[in-house]
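Both counts, for ligands and for their atoms, begin at 1 and track the order of listing. Sequence positions, counted from 1, serve as the residue numbers for this chain.
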Amino acid sequence: MSEDRVSSGPSTDMSAFRELFAKARNIVALSGAGISAESGVPTFRGAGGYWRTYQATQLATPESFAANPSLVWEFYHYRRELMGSKHPNAAHKALAEFEARLKPQGRKVTVVTQNIDGLHHKAGSQDIIELHGSLFHTRCTSCSQVLENRDSPICPALKDRGAPDPDAEDARIPVSELPRCSECGGLLRPHVVWFGEALDSVVMDRAQSVLRSCDLCLLVGTSSVVYPAAGFAPMLATRGVPVAEFNLEETPVTGALTFQFKGKCGETLPPAIALHPSEQTA
Ligand code: BV8
Ligand code: ZN
């Protein structure tokens, strides 16, 4: 009787991973909030996921913005201002160096991130797809113009507002004093994808295209619960593409993956993607 193959689950063999990575030519790094945790940026899960008495998932919705644009803008203003003192950590930097090192070898590294904090850009990565938009871009709710905006504060009424403490008083800013479009005067919103909103089709097409040619996936610091991003790594694994997860803990997709490297990605990722002896001869 053929023995049922017990799925052995992901390997923790770093040398086996590095042999595969040495041959990979189109590498995709799928990152989530966990890659920015060691930079001091709160993640969505656990304590970090709260701002005042709200979970981020309650505020990151079109319904919340329609009902209370002042509160949602305080939340995003807080996160924008926070980034002024946050910097890329060893994991962001390792990915940026990895991309630069492999380029002359004709090998691609693309960062596909769920994060809106801009730390991959700050670390020097070039090939980045921001699936969920950016804290530092606004979109006009009237004329849809998208602009980069790094103004601090983004409007006078938000100056010194956005305190995260549960007992902080909501600013109740009149909508006329919230960020307004310089073109048409319309109300601006953060150019991010909220829960219940579709991802930008151009961004999605770019992501699908890099995933189609991917021959190695690094899944870094994501809880893999938010779709469609959470479906990317399992889809690759089903296609036989090796996927290595770098996370503090198990996630719903861990069992389907090829490699699992547990720990802080600022410590586990850099040695995993450091120079391989085969590259010297390249
Ligand atoms: C869509 C931008 C359809 C905003 C984000 C019911 C109602 C409504 C919708 C749904 C529903 N059920 C399912 C859905 C779909 C929904 C969804 O998946 N919901 C989940 C909650 C079930 N998805 C959507 O709504 C998406 N759109 O489906 O549209 C559609 C189609 C056509 C037409 C119309 C509609 C849009 C989802 C995008 C939402 N926007 N962000 C903002 O940031 O403010 S999502 C946001 O949360 C992040 O971008 C990220 O994607 C997600 C958080 O996940 P992570 O990044 O993984 O972070 P998290 O904190 O969860 O985990 C951190 C991980 O890191 C942990 O595993 C931890 O262990 C690890 N870690 C921590 N420290 C370290 C570490 N690892 C290593 N080292 C460390 N040091
Ligand atoms: Zn406008």
Does the side chain of Thr254 come under 3.5 Å of the side chain of Glu245 through a donor N or O and an acceptor N or O? yes
Proximity to ligand 1 by part of Glu38, non-hydrogen separation under 4.0 Å: side chain
At a non-hydrogen distance cut-off of under 4.0 Å, which region of Ala37 contacts ligand 1 (side chain, backbone, both, or neither)? side chain
Any protein heavy atom at under 4.0 Å, with atom 75 (C) of ligand 1 as the reference point? yes
Is atom 6 (C) of ligand 1 less than 4.0 angstrom from at least one protein heavy atom? no
For atom 14 (C) of ligand 1, is some protein heavy-atom partner under 4.0 Å away? no
I'd like to know if the side chain of Arg107 pairs up with that of Asn26 as donor and acceptor (distance under 3.5 Å, no hydrogens or angles considered). no
Polar proximity ligand 1 side, Tyr76 side, N/O cut 3.5 Å exclusive: yes
In the protein, what heavy atom is nearest to atom 71 (N) of ligand 1, and what distance, to one decimal place, separates them? Gly34 CA, 3.6 Å
Considering Phe261, Trp194, Tyr227 one by one, which has a heavy atom nearer to atom 24 (C) of ligand 1 than any of the others? Tyr227
Backbone or side-chain N or O of Val192 under 3.5 Å from ligand 1 N or O: no
If you measure every N or O of Gly32 against every N or O of ligand 1, does any of those distances drop under 3.5 Å? no
Do Leu218 and Phe261 have side-chain heavy atoms sitting under 4.5 Å apart? no
Trp51 vs Phe75 aromatic rings, parallel, tilted or perpendicular, using cut-offs 30° and 60°? tilted
